[in-house]
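In listed order, ligands and their atoms are each counted from 1. Counting from 1, the numbers follow the sequence of the chain as shown. Treat the numbers as computed from the prediction; the structure is a model and nothing was measured.
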Amino acid sequence: MCGIVGFIGQNEAKEFIIRGLKKLEYRGYDSWGMALKEKDKLKIIKETGKIGSVDERKILSGAQIAIGHTRWATHGAVTSANAHPHTDCQGQIAVVHNGIINNYQTIKEALLKKGHYFSSETDTEVIPHLVEEYLKSGLSFLEAAKKALKELDGNYAVCIISQNENQILAAANGCPLVIGKDKNNFYISSDILALQDKVSQIIFLKDGHLAQIEKEIQIFNLKTDKLTKINFQPMDKIKKDEGLGSFKHFLFKEINEQPAILAKIAQMETKEIETNAALIRNSFGTFMVACGTAYHAGLVGEYFFAQNAKMHLNLSLASEFPAFKGFLTDKTLLLAISQSGETADVLEAVKSAKTKSVKVLSILNSPHSTLGRLSDVMMTTPAGPEIAVLSTKAFTAQVAVLFLLSRAINSDLVKARKILESASAAIAKSLSEKNIQKIKHLAQKIKNTQHLFAIGRGLNFPTALEAALKIKEVSYIHAEGFAGGELKHGTIALIEEGVPCLVFVGNDQEKDEILSNAEEIKARGGYIIGIAPENHQIFDEYLPVEDLPAVSPILNIIPMQVLAYFLALEKGLDPDKPRNLAKSVTVKYPILHRVGVRKW
Ligand code: AGP
C-alpha cells in the first residue's frame, strides 16, 4: 500500500505535500517523492527511506501544483529510480500511484516497441508513457489520461500533472482517494487523515471516476464519460489524530489509549448493539472475514458466540474466503472486521458476497473507508485513528464489540457492560509503571532469542496467535502462537533449553490443561513466561493480569503489546514502522506475480 497526495491552488504546494506525506507515511515508507510544477518544468524530488523529518524549507519551490507519494514497494526494489513520481520520456508528465496494474508488462512491451524508454521496474511507470503516447496522437491532456486509465487492468488511485497544464487529474479504481477544498485550494489524499485541519469540505472519489481540477473541479465517470454530480460534504468531526502528545511512539500511545476506549465501548448505544445482534441471530448463517490481527479478534468472537450465544459463526481468513463463498445465500450475513477498511482481501470477499445479495455488517475503525461504503451496516469502534502499523487498540475494541454482540443475543447487555467497565479499569492497572518496568526488564532478558512460542487454550488460543504476531512483526523474532493442545502434535520438537514460551492461564475450564502444557515445555528446558491472574510455581517469569475470565483476551494481550514495544526498542527498531510492513494491505499480487516476472 502507498500514500499519494496532490495540491492545486493559490498557496504554495510544498507545505501540504510534505505534511501530507508525513501523515500518510504509515501507508508505506520504503521511499518518498514529489513532482512540483515550476514555471517551465516539473521539479522531481525522490529519495529512498522515510520522509521522516524532511524540512519543507529545504524544498526550494514556489509551485502551486504538485503531487507526492510515499511508497510500499510492490513492483521493483527499494531504489530512488523506483520511487514515485514517475514521468514520461520527456519528463513533462508526472504520476503518483497507489495500487497494482496487472497488465503492465503487456502495456510496457507495446510502448517499448513504439520507442518509449523506461527508467524503473515499476508497474506505475506505464501510466505517464501511455498519456504521452495519446497526447502525441493529438488528444487533450484530459482525454489522453482518460484513454490511458481505461487501458489499465487492476486497481489504482492516481494523481497526474503536466508541465504544460495548470490542472491536476485524480482518478480512483479500487483504491481510496479523497478530495478536499478550502476557500482557495484543492487537496487530494489517499486518506482523510492528511486533510484534517486543512479543509472544510471533502468528497470521496468513487471507483471508476476521474476528477479534473483547475480553478474548479469536475468529475467524470470513466465508463460513461459523463460528468457526475459533485456533492462535497462538510468535513465532519473525524477522529483527529492528535499526534504523539507526550509519547515517543504511536505504538505506546495507542496501547495506553485502550482503557478509555473500552470505557466508551461499555457505553455503546443499546439500539445499535441489539439491532446488529438480531441481524446475526436471524441470519441463515453468519460468515466472518478478516486478516491478521482483525482475524484474531474474529477468532475470539467465534468463541464468544459459542460460549455466550450457543451460535457458531463461520470465520475465515479473508484471503481464504473464495473457498467458502459457495455457501452464501441471500439470507446469509457477512461480518467483516477491519481496522483500516481498506484491506484488499477483505474488500474482495465483501464484493464477492454482495454479488449474492448477502447483507454486510462491518466492525471497523475507519468509517470513511471503502469497507464503510460497501457495508449495509457499519459498527464504528471509538478507537480512533490507529497510526502505528501494529494494531493494538483496534484489536481490543473489535473484541469488546464482539463481546457485546455475543451477550446481546441473549439480552444480557447490562452485565456485559459492567464486565467491559471492569476490563477498562483492569487494563489501566496492568499499564502501571511497575508493570511496565517489569515488562521492559523481561524484554531486555529475552531480546536476543531467535524463537519464541505462545500457547493458550479456549479464548486464549487466539490470544496466543495475536501475541506472537505482535512480537514477530515489530521485533523480527520468529514467534509462533498455537493452541496448547497442539503442543504434542509437533511443535514440542522445537522446544530447546531457554526458549521463551508465553503461557496464558485464566481461571477457566482450561486452566489445568494449559498448566500441564507448561510443565511439558518446562521439562524440555523451555523458559515459561506466565500471563495469569495469579502466579504459579511453574512460571519462570510472571506477568500479572486482572481476573476477568469472560474477556481474558482483552486483558492478556496488553502485556504482550507492551512486550513487543520494548523488544523493538531494545533491538533499536522503529516500533511504529516495522520493515516490509504497511498499515493496511490494500494491494493483492496478481496471478502473474505468482509465476515470476521477467526482468526488464
Ligand atoms: C496487525 O498488527 C497487522 N499490522 C496486520 O495483521 C493487520 O491487522 C491486518 O493487515 C489487517 O488490517 P485491517 O484490520 O486494517 O484490515
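- Taking atom 8 (O) of ligand 1 as the reference point, the nearest protein heavy-atom neighbour is Thr293 N, 3.0 Å.
- Closest protein heavy atom to atom 9 (C) of ligand 1: Cys291 O, 3.8 Å.
- In this structure, atom 14 (O) of ligand 1 lies nearest to the protein heavy atom Gln339 N, 2.7 Å.
- The ligand atoms of ligand 1 that sit less than 4.0 angstrom from a heavy atom of Leu390 are 2 (O).
- Short contacts between ligand 1 and Ser391, defined as distances under 4.0 Å to a heavy atom of the residue, involve ligand atoms 1 (C), 2 (O).
- Heavy-atom distances between Lys583 and ligand 1 stay at or above 4.0 Å for every pair.
- Ion pair Glu480/Lys472 not flagged as a salt bridge, since none of the NZ, NE, NH1 or NH2 atoms sits closer than 4.0 Å to an Asp/Glu carboxylate oxygen.
- Among protein heavy atoms, atom 6 (O) of ligand 1 sits closest to Gly292 CA, 3.2 Å.
- In this pair, Tyr156 and His97 present their aromatic rings tilted. The plane angle is within the 30 to 60° band.
- For ligand 1, the polar-atom distance check finds no N/O of Gln398 at less than 3.5 Å from any of the ligand's N/O atoms.
- Closest approach of Pro382 and Ile261 over heavy atoms only: O-CG1, 4.0 Å.
- Between Phe247 and Phe252, the two ring planes are perpendicular [angle over 60°; tilted spans 30° to 60°].
- Within ligand 1, counting atoms from 1 as listed, the ones closer than 4.0 Å to a heavy atom of Ala294 are 8 (O), 14 (O).
- Atoms of ligand 1 lying under 4.0 Å from at least one heavy atom of Ser338, given by number and element, are 13 (P), 14 (O), 15 (O), 16 (O).
- Considering only non-hydrogen protein atoms, atom 10 (O) of ligand 1 sits nearest to Val585 CG2, 4.1 Å.
- Every salt bridge (Lys or Arg N to Asp or Glu O under 4.0 Å) that Glu570 has, sequence neighbours left out, goes to Lys447.
- Considering backbone and side-chain atoms alike, Ser584 places every N or O at 3.5 Å or more from each N or O of ligand 1.
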Listed pairs under 3.5 Å, donor-acceptor, residues 462-471 side chains, sequence neighbours left out:
unit_1 : atom_1 : unit_2 : atom_2 : d
Thr463 : OG1    : Leu459 : O      : 3.3
Thr463 : OG1    : Asn460 : OD1    : 2.7
Glu466 : OE1    : Thr293 : OG1    : 2.9
Glu466 : OE1    : His296 : ND1    : 2.7
Glu466 : OE2    : Thr293 : OG1    : 3.0
Glu466 : OE2    : Lys470 : NZ     : 2.6
Lys470 : NZ     : Thr293 : OG1    : 2.8
Lys470 : NZ     : Ser391 : O      : 3.2
Lys470 : NZ     : Glu473 : OE2    : 3.3

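- Of the protein's non-hydrogen atoms, Glu473 OE1, 3.4 Å is the one closest to atom 3 (C) of ligand 1.
- A side-chain donor-acceptor contact under 3.5 Å links Asn365 to the backbone of Gly384.
- From the protein, the heavy atom lying nearest to atom 4 (N) of ligand 1 is Val389 O, 3.0 Å.
- The aromatic rings of His368 and Phe204 lie parallel to each other, with less than 30° between the two planes, well short of the 60° mark.
- When heavy-atom distances to ligand 1 are checked against a 4.0 Å cut-off, Lys470 comes that close only through its side chain, counted from C-beta outward.
- Within the cation-pi definition used here (under 6.0 Å to the ring centroid, within 45° of the axis), Arg407 does not qualify as a partner of Phe304.
- The aromatic ring centroids of His312 and Phe305 lie 6.0 Å or more from each other.
- Of all protein heavy atoms, the one closest to atom 12 (O) of ligand 1 is Thr343 OG1, 3.5 Å.
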